[in-house]
Amino acid sequence: SLNNFGEIPEKCKWPKHLKYLNLSSTQIPKVTACIPDTLEVLDVSGNNLKEFGRRLPSLKELYLTRNQLKTLPGAAPIPNLVSLSVRRNKLNSFSKEEFESFRRMELLDASDNNFICSCEFLSFIHHEARLAQVLVGWPDKYVCDSPLAVRGAQVGAVHLSLMECHRSLVVSLICVLVFLVILLLVAVGYKYHVVWYLRMTWAWLQAKRKPKRAPPKDVCYDAFVSYSENDSEWVENTMVRELEQACPPFRLCLHKRDFVPGKWIVDNIIDSIEKSRKTLFVLSEHFVQSEWCKYELDFSHFRLFDENNDAAILILLEPIQSKAIPKRFCKLRKIMNTKTYLE
């Protein structure tokens with residue numbers, strides 16, 4: 001030891017029963033077949049070794065302190081190893097498989113290395129009960145070098161978060177949750193016709209920005225008739241005939257007759273109301289139970305209060321008790337309280 005050999009030959013002659021050899025601090029770059037396979041103790045500390053693969057079946061103690069090893073030496077060439085020192089190398093981790101491959105290992109000195117505290121390494125450290133008995137200098141001499149957030153902390157005391165250890169799983173779960181939330185929102189929006197309300201709100205905002213002006217040129221109906229399908233017989237056979245055969249005749253917009261085929265119902269409703277001077281509501285018990293009638297009433301209500309026009313005309317086809325009007329028809333109650341209606 002403590003020489004400047006620099007290298008050792010491929011083959012050497014040694015006494016047949018040589019058991020102990022100290023080649024520490026001799027600047028050798030590798031271990032060759034010169035090392036006799038009869039050895040029980042080998043010290044090659046303080047050299048420039050980057051790997052150790054010499055087959056030594058009788059070796060029990062191996063000292064590799066202050067070298068350049070990045071991994072533990074393989075266990076197969078040294079099956080009877082009892083004590084191993086790889087202190088102050090470039091070791092950044094070792095796996096459960098590497099550790100368990102040394103079946104007779106009683107002492108392992110891997111202290112003073114720059115450990116990368118990955119999730120796999122920490123999981124092995126925390127769940128291997130035998131480590132505390134085998135590792136020399138545990139836990140004080142085993143410190144994390146990375147990640148930066150835990151640099152300087154003892155390996156045994158570090159616990160990474162679920163996000164850090166299972167990033168892909170967490171990202172997948174987040175994506176699934178986002179997809180489910182979007183799906184739920186779409187389902188809720190479809191059930192409660194949220195798109196309708198968004199479009200109606202947009203129409204209301206546009207109406208708020210418009211200055212007061214005369215009816216646009218594209219108005220082509222005197223009135224849009226909003227009624228329940230259950231009241232269609234009276235509306236179509238009595239009211240419509242009276243108005244359209246009057247002198248002069250009124251031009252009415254009915255959803256059965258004047259809605260554009262293939263166009264979205266919401267668009268048909270909005271366009272028909274905007275192209276009509278008035279909106280004629282035929283109120284009945286069936287009317288207040290109809291979702292589409294509610295939408296027509298809502299949009300007309302926007303026009304009534306936000307465009308400052310007198311667009312709504314109410315016809316009460318039958319007596320309606322206030323209790324029978326659902327809470328969602330609060331606008332209908334307001335209109336009935338503020339406007340004269342026909343019975």
Side-chain angles (χ1 to χ4, degrees), residues 193 196-197 199-200 202-204 206-207 210 212-321 324-326 328-343:
H193 306 286
W196 158 263
Y197 287 107
R199 289 179 61 85
M200 193 167 60
W202 174 247
W204 173 72
Q206 288 181 318
K210 291 179 182 177
K212 294 180 180 180
R213 59 184 181 181
K217 295 180 181 179
D218 60 352
V219 172
C220 50
Y221 298 105
D222 291 303
F224 170 73
V225 183
S226 175
Y227 63 97
S228 168
E229 187 63 30
N230 293 297
D231 302 322
S232 60
E233 183 178 354
W234 181 86
V235 171
E236 296 166 8
N237 297 331
T238 303
M239 188 190 76
V240 172
R241 284 184 181 180
E242 286 287 336
L243 294 176
E244 291 189 337
Q245 294 176 7
C247 186
F250 293 100
R251 187 176 181 188
L252 304 179
C253 179
L254 304 177
H255 67 268
K256 283 185 177 179
R257 183 181 64 191
D258 300 305
F259 275 11
V260 179
K263 195 174 184 178
W264 193 30
I265 295 178
V266 170
D267 286 333
N268 269 316
I269 292 173
I270 291 177
D271 292 344
S272 298
I273 291 178
E274 287 184 338
K275 290 179 180 180
S276 304
R277 291 186 177 87
K278 304 285 185 180
T279 303
L280 203 58
F281 293 101
V282 180
L283 306 179
S284 67
E285 294 285 351
H286 299 300
F287 182 95
V288 296
Q289 300 299 327
S290 171
E291 285 291 336
W292 291 114
C293 291
K294 177 182 183 298
Y295 303 148
E296 293 163 1
L297 181 69
D298 282 340
F299 189 73
S300 180
H301 185 265
F302 276 153
R303 295 186 66 197
L304 177 66
F305 288 98
D306 295 307
E307 295 183 5
N308 295 316
N309 62 17
D310 196 19
I313 297 176
L314 306 182
I315 297 177
L316 197 60
L317 189 60
E318 61 186 5
I320 303 177
Q321 296 180 359
I325 302 177
R328 57 197 173 91
F329 273 87
C330 57
K331 293 182 176 65
L332 176 59
R333 293 177 180 175
K334 289 181 180 179
I335 294 175
M336 292 182 71
N337 290 332
T338 57
K339 293 178 66 66
T340 303
Y341 53 86
L342 301 175
E343 293 184 349

Excluding sequence neighbours, so at least two apart, what forms salt bridge (charged side-chain N to carboxylate O under 4.0 Å, His left out) with K256?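 E229, E236.
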Report the distance from atom [atom1] of [X] to atom [atom2] of [Y], rounding to the nearest 0.5 Å.
X: C220; Y: E274; atom1: SG; atom2: CD; value: 11.5 Å
X: D231; Y: L283; atom1: CG; atom2: CG; value: 9.5 Å
X: L254; Y: S226; atom1: CG; atom2: OG; value: 11.0 Å
X: T279; Y: L314; atom1: OG1; atom2: CG; value: 10.0 Å
X: F281; Y: I315; atom1: CZ; atom2: CD1; value: 11.0 Å

Determine, step by step, whether L280 and L243 satisfy the side-chain contact (heavy atoms from CB on, under 4.5 Å) criterion, reporting the C-alpha distance in whole Å, the side-chain angles of both residues, the deciding distance to 0.1 Å, and the verdict. CA-CA 12 Å; L280 203 58; L243 294 176; 4.1 Å; yes
Mind listing the closest non-hydrogen atom pair of [X] and [Y] along with its distance?
X: N268; Y: K263; value: ND2-O, 3.3 Å
X: M239; Y: V225; value: CE-CG1, 3.7 Å
X: S284; Y: E318; value: CB-OE2, 3.6 Å

L317/F287 under side-chain contact (heavy atoms from CB on, under 4.5 Å): CA gap, chis, key distance, verdict: CA-CA 10 Å; L317 189 60; F287 182 95; over 6 Å; no
Apply ring-ring contact (aromatic ring centres under 6.0 Å, His included) to the pair H255 and Y227, showing each step before the final yes or no. CA-CA 9 Å; H255 67 268; Y227 63 97; 5.1 Å; yes
Is a side-chain N or O of D222 found less than 3.5 angstrom from the main chain of L252, in a donor-acceptor match?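 It does not hold such a pair.
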When the ring planes of F224 and F259 are compared, do they come out parallel, tilted or perpendicular, using 30° and 60° as the limits? parallel
Sort out for me which residue in V235, N230, N237 forms a side-chain contact (heavy atoms from CB on, under 4.5 Å) with E233. N237
